[in-house]
Every structure is written in C-alpha cells, then in structure tokens.
2 protein chains.
Amino acid sequence: MMTQHCVVDLSMKNSKERILLAASKLFLNGGISALSVRAIARESNLSTIGIYSHFNGKQGILDALYIEGFTRFKNAVDVPINSDNPKESILAATQGYIETAINYRGHYLLIFGESVAHYLPSDEAKKSSVAAFLQTTKIIETLLPKDATFEQKRNTTLQIWSIVHGYIGLMHHAIAEEVDSAHWKGLILDTVSLHVDALIKLHQSV
Amino acid sequence: MMTQHCVVDLSMKNSKERILLAASKLFLNGGISALSVRAIARESNLSTIGIYSHFNGKQGILDALYIEGFTRFKNAVDVPINSDNPKESILAATQGYIETAINYRGHYLLIFGESVAHYLPSDEAKKSSVAAFLQTTKIIETLLPKDATFEQKRNTTLQIWSIVHGYIGLMHHAIAEEVDSAHWKGLILDTVSLHVDALIKLHQSV
DNA sequence: TGACAAAATATAACGGTGTTATATTTTATT
DNA sequence: AATAAAATATAACACCGTTATATTTTGTCA
C-alpha cells in the first residue's frame with residue numbers, strides 16, 4: 001500500500017473510523033450474524049488484530065453499536081413537549097420510537113434482544129440506555145401532577161414503554177404473522193392512546 | 001459398553017430421550033450458551049453424530065426446547081374462565097404467564113428473544129406458538145361482546161399480551177435495574193388491570 | 001539526520017462452534 | 001447364518017473470538 005501525505009482520502013481515514021463504518025455496514029445489511037471480527041477486518045482492510053488494538057474486540061464493536069442504537073431511540077423520542085396536550089407529545093414520541101425500531105431492527109435486537117451470544121453492555125453503554133430512558137420520562141411525566149415522585153414518573157414511563165416495546169417484540173413473531181404489517185403502527189398508537197386516556201382519568205379522580 | 005436385554009435401566013433409555021433430557025438440563029442450568037452439540041453428546045453419553053441422526057442437529061434441539069417453552073406458556077394461561085368476571089381470569093392468566101417467564105427464562109429468551117444465532121423455528125414449532133396464542137385468545141375474548149370478529153379478538157389479545165411481554169422484556173434490562181425486582185409482578189398486574197378496565201368501559205359505551 | 005521507543009499491523013495458532021464424510025459396530029429381518 | 005438397516009464412533013472441515021509472536025510503520029528526541 002502506498003503512503004500518502006496530507007491528502008484527504010477516504011481510504012486514509014482513521015482506522016478506528018473505518019472499522020466502525022465497516023461494522024455498521026455489515027450490521028445493517030446482515031444483522032448480528034454477519035458481524036464477525038474477520039468480516040469487519042476484511043471490510044475495513046485491516047487484519048483481525050486491528051479490531052483488538054482499536055476496540056476491545058467484538059465486545060467493543062457491539063458496545064459501539066449498542067450506544068448508537070440507544071442514541072437513535074433517545075433522539076426519536078425527543079419531541080417538543082405540549083403541556084396543554086400531553087397525549088399529543090406522547091403519541092409523537094411513540095411514532096418516532098416505532099419507526100426507529102423498524103428501520104434499525106438490528107440495533108433493536110442488539111439492545112433489547114438480550115441474547116446476543118456472550119455480550120453484556122459495558123457501564124458506558126448502560127449509561128446510553130439510562131439517558132434514553134430519562135429522555136422518555138421527560139415526555140411521559142407531563143401526564144402526572146407536578147409533585148409526582150421520581151418513582152411514580154419512572155413507573156408510568158415503564159407502563160407506556162412496555163406497551164410499545166411489547167408490540168414491537170410480537171410484531172415479528174409467528175404468533176402475529178397474519179396481522180397485516182401496515183396495521184401495526186395504528187394498533188400500537190390506538191393502544192397507547194387508550195392507556196394514556198385511562199392514566200389521565202386516573203390522575204384526575206385522585 | 002455392555003449389551004443389556006429387556007432390562008429397565010435408565011441408562012438404556014431411548015437415545016432420543018436421553019438427548020432431550022441432557023439438552024434440557026444444560027439449557028436450564030446454563031442457558032443457550034451452555035447448549036452446544038458436543039456438550040449434549042457428552043451429557044447423553046453419545047457422540048456428536050447422534051444429535052444428527054436422532055434430531056436435526058442443533059436446529060432440532062432448539063425446536064424441541066421452543067415447543068417445550070410455548071407448551072409451558074399455553075398451560076400457564078389455561079385458567080378457568082369466569083364469564084361474570086373476565087378481569088379475574090385475565091389477571092390469573094397474567095400471573096401464570098409472568099411466573100413461567102421468570103422460572104423458565106432461557107425458554108423465554110429462545111421463543112421471544114429472536115436472536116438466537118441462526119435459529120428459525122420450524123413450521124411445527126410455529127404451530128406451538130399459535131396454539132399458545134389461541135389459548136390466550138380464549139381468555140381475553142371474554143372481554144368482548146359475543147359477536148366480536150376474530151380480528152377484534154386477536155387485536156385485543158395482542159394488546160394485553162404486548163403489555164405483559166413488554167414489561168418482561170424490560171424487566172431484565174439496565175434501563176430498569178433500580179426497580180425492585182419484587183415489585184415487578186405488582187406493576188404488571190396493575191397495568192393490565194387498568195387497561196382491562198379501560199377496555200371494558202370502551203365496549204360498554206359502544 | 002540517525003537511533004530508539006512506541007504504536008500499528010500482519011501471520012499463525014489455540015480452543016471452541018455446527019456440521020458432515022467415512023468407517024465401524026450393533027440391531028433387526030429374512 | 002447372512003444380509004440389510006440403523007446406530008454409533010472418529011476425524012475432519014470451515015467458521016468463530018481471541019491471543020502470542022513477529023514485523024512494519026510511526027513518532028520523538030538527541
């Protein structure tokens with residue numbers, strides 16, 4: 001390989017960047033099973049050991065993709081808050097969440113599937129998941145009275161999140177194969193809508 | 001190895017049974033990562049090729065565990081129906097579902113995790129998931145008017161199932177690490193209860 | 001500029017995986 | 001008893017994540 005100086009050249013990018021780019025590409029195209037250390041090395045024109053000097057091996061690659069995934073979800077639910085109409089904000093965030101789950105299915109499976117062989121997110125990766133959860137809480141807590149405790153806010157956020165998360169989990173399952181996939185988004189939004197109404201009534205009456 | 005005739009001896013059980021027993025044992029103890037073809041062969045006193053002549057290799061083993069998992073869930077939600085109080089039956093089924101998910105976490109990840117490497121359930125395995133879904137529908141449809149279409153029944157079942165399924169998915173996630181695990185069952189049951197009430201009101205007013 | 005330390009890279013190997021080709025033994029049938 | 005069929009064993013293949021070793025490139029300092 002030639003040595004090049006001071007020339008902007010994609011092939012000369014940071015090895016680290018090239019690795020990450022190759023990993024993302026493989027992951028988006030073929031999911032987790034296409035993401036082998038050797039394949040990343042091939043794709044980024046390095047040898048396998050490069051993945052270990054620049055990242056922490058496969059664990060490091062998965063951590064990077066994990067963080068990328070949760071960052072996308074955090075951004076997806078970062079919608080303008082409408083205090084007069086909490087439901088509107090929540091449905092907008094829900095819609096963003098669903099679209100991200102569909103468009104980045106590999107990431108979704110990685111961060112929620114729990115069973116990618118031997119992978120456990122690092123502490124840093126876990127931080128990204130907590131950040132996404134806190135962002136979601138900001139949207140959901142508009143349903144609650146202002147003096148609600150954090151525990152109440154967290155539990156209500158879990159309620160809504162579980163509904164959406166559960167639907168997405170079932171969406172690609174044989175159980176629901178005969179449900180027209182175009183209808184899923186509507187089904188989820190209807191369910192969240194019904195549940196939000198119930199929560200609003202609950203907190204009005206108390 | 002000695003040859004034995006017409007003697008009831010556990011060590012002489014069907015090779016097939018021995019393989020399945022070994023696989024179940026390994027799976028319950030160490031999850032999916034403990035379930036290698038060689039480990040099953042060792043545990044069942046056979047060589048690897050036995051797993052291929054008696055089952056369809058690892059695919060066949062996973063299929064058997066998949067069916068075992070869905071059969072457990074089907075049984076868990078098979079509760080007596082109380083037509084006068086649909087909510088009671090639904091909460092009982094929910095409780096059974098949650099307990100099965102906790103006690104058989106490996107099975108839960110296998111049948112819902114979606115990302116066990118390269119495994120896709122066979123048609124026969126899919127049938128077991130559909131059977132569990134239909135059993136659940138029997139419990140949930142008591143919420144609906146008797147002339148409800150199958151599509152309505154199915155969608156309502158999906159609603160309730162998604163809530164429970166979503167909670168269980170989040171339960172073991174870093175997002176919710178600080179939630180006291182003893183509280184989970186209560187949180188889920190409360191949410192299902194609220195949602196069922198909302199559904200009942202919805203169908204009364206229409 | 002030349003010498004030397006440090007970082008990056010390459011090669012090859014280790015132990016593990018699912019799978020299969022080949023050979024052998026056991027079982028059942030005629 | 002002979003033969004076909006089923007079950008089993010051994011060894012190998014191609015892949016995986018990882019790492020020990022060796023080599024090259026890069027950066028720093030005298």
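Chain A is the first sequence line, chain B the second, and so forth, proteins listed ahead of strands; every chain is numbered from 1. Below, all heavy atoms of this structure are taken into account, side chains as well, without hydrogens, waters or symmetry copies. Quick caveat: nothing in here was measured; it's all calculated off a predicted structure.
Between Ile49(B) and Arg42(B), the residue anchored nearer the 5' end of DNA chain C, judged by the nucleotide with its closest heavy atom, is Arg42(B).
If you measure from atom NZ of Lys58(B) to atom P of dC16(D), you get 16 Å, rounded to the nearest angstrom. Between the CD1 atom of Ile40(B) and the C1' atom of dT17(C) there is a distance of 12 Å, rounded to whole Å. For the pair Phe55(A) CZ and dT18(D) P, the interatomic distance rounds to 14 Å; values are reported in whole Å. For Tyr52(B) and dA21(C), the OH to P distance is 12 Å, given to the nearest whole Å. Protein atom CG of Leu62(A) is 13 Å distant from nucleotide atom C1' of dC16(D), rounded to whole Å. Atom-to-atom, CG of Asn14(B) to P of dA6(D) comes out at 16 Å; the value is rounded to the nearest Å. Straight-line distance from the CD1 atom of Ile61(B) to the C1' atom of dT17(C): 15 Å, rounded to whole Å. Between the OH atom of Tyr119(B) and the P atom of dT19(C) there is a distance of 13 Å, given to the nearest Å.
Look at Ser15(A) and you won't find any side-chain N or O under 4.0 angstrom from OP1 or OP2 of dA8(C). Remark: His54(B) is in phosphate contact with dT8(D), judged by side-chain N or O atoms under 4.0 Å from OP1 or OP2.
For DNA chain D, the residues of residues 22-36 of chain A within the heavy-atom distance limit of 4.0 Å (strictly under) are Leu35(A), Ser36(A), sorted by number.
The side chain of Arg38(B) has dT17(C) as its nearest neighbour among dT17(C), dT9(C), dA13(C). Side-chain atoms of Leu46(A) lie closest to dT9(C) of the nucleotides dT9(C), dT19(C), dG17(D). Distance from the side chain of Thr48(B) is smallest to dT10(D) among dG18(C), dA12(C), dT10(D).
Ion pair Lys126(B)/Glu177(A) flagged as a salt bridge, since at least one NZ, NE, NH1 or NH2 atom sits closer than 4.0 Å to an Asp/Glu carboxylate oxygen.
Under the rule for a side chain to side chain contact (heavy atoms under 4.5 Å, CB included), the partners of Pro145(B) that lie at least two apart in sequence or sit in another chain are Asp147(B), His203(B). With sequence neighbours excluded, the residues forming a salt bridge (Lys or Arg N to Asp or Glu O under 4.0 Å) with Lys87(B) are Asp197(B), listed by chain and number. The side-chain hydrogen bond (donor to acceptor under 3.5 Å, both in side chains) test applied to Ser122(A) returns Asp63(A), not counting sequence neighbours. Taking the side chain to side chain contact (heavy atoms under 4.5 Å, CB included) definition, one finds that Arg72(A) meets it with Glu68(A), Thr100(A), Tyr104(A), sequence neighbours left out.
Under a 3.5 Å cut-off, the side chain of Asp180(B) and the backbone N or O of Ala182(B) do form a donor-acceptor pair.
Within a 6.0 Å sphere centred on NZ of Lys153(B), heavy atoms belonging to other residues, nucleotides or ligands number more than 12.
With Tyr119(A) as the aromatic partner, Lys58(A) does not meet the cation-pi criteria of under 6.0 angstrom to the ring centre and within 45 degrees of the ring axis.
Axis deviation across the helix from dT1(C)-dA30(D) to dT30(C)-dA1(D) amounts to 10°, comparing end segments of five pairs, rounded to 10 degrees.
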Would Glu43(A) and Arg18(A) satisfy salt bridge (charged side-chain N to carboxylate O under 4.0 Å, His left out), going step by step from the backbone distance to the final call? CA-CA 9 Å; Glu43(A) 190 77 21; Arg18(A) 264 166 43 215; over 6 Å; no

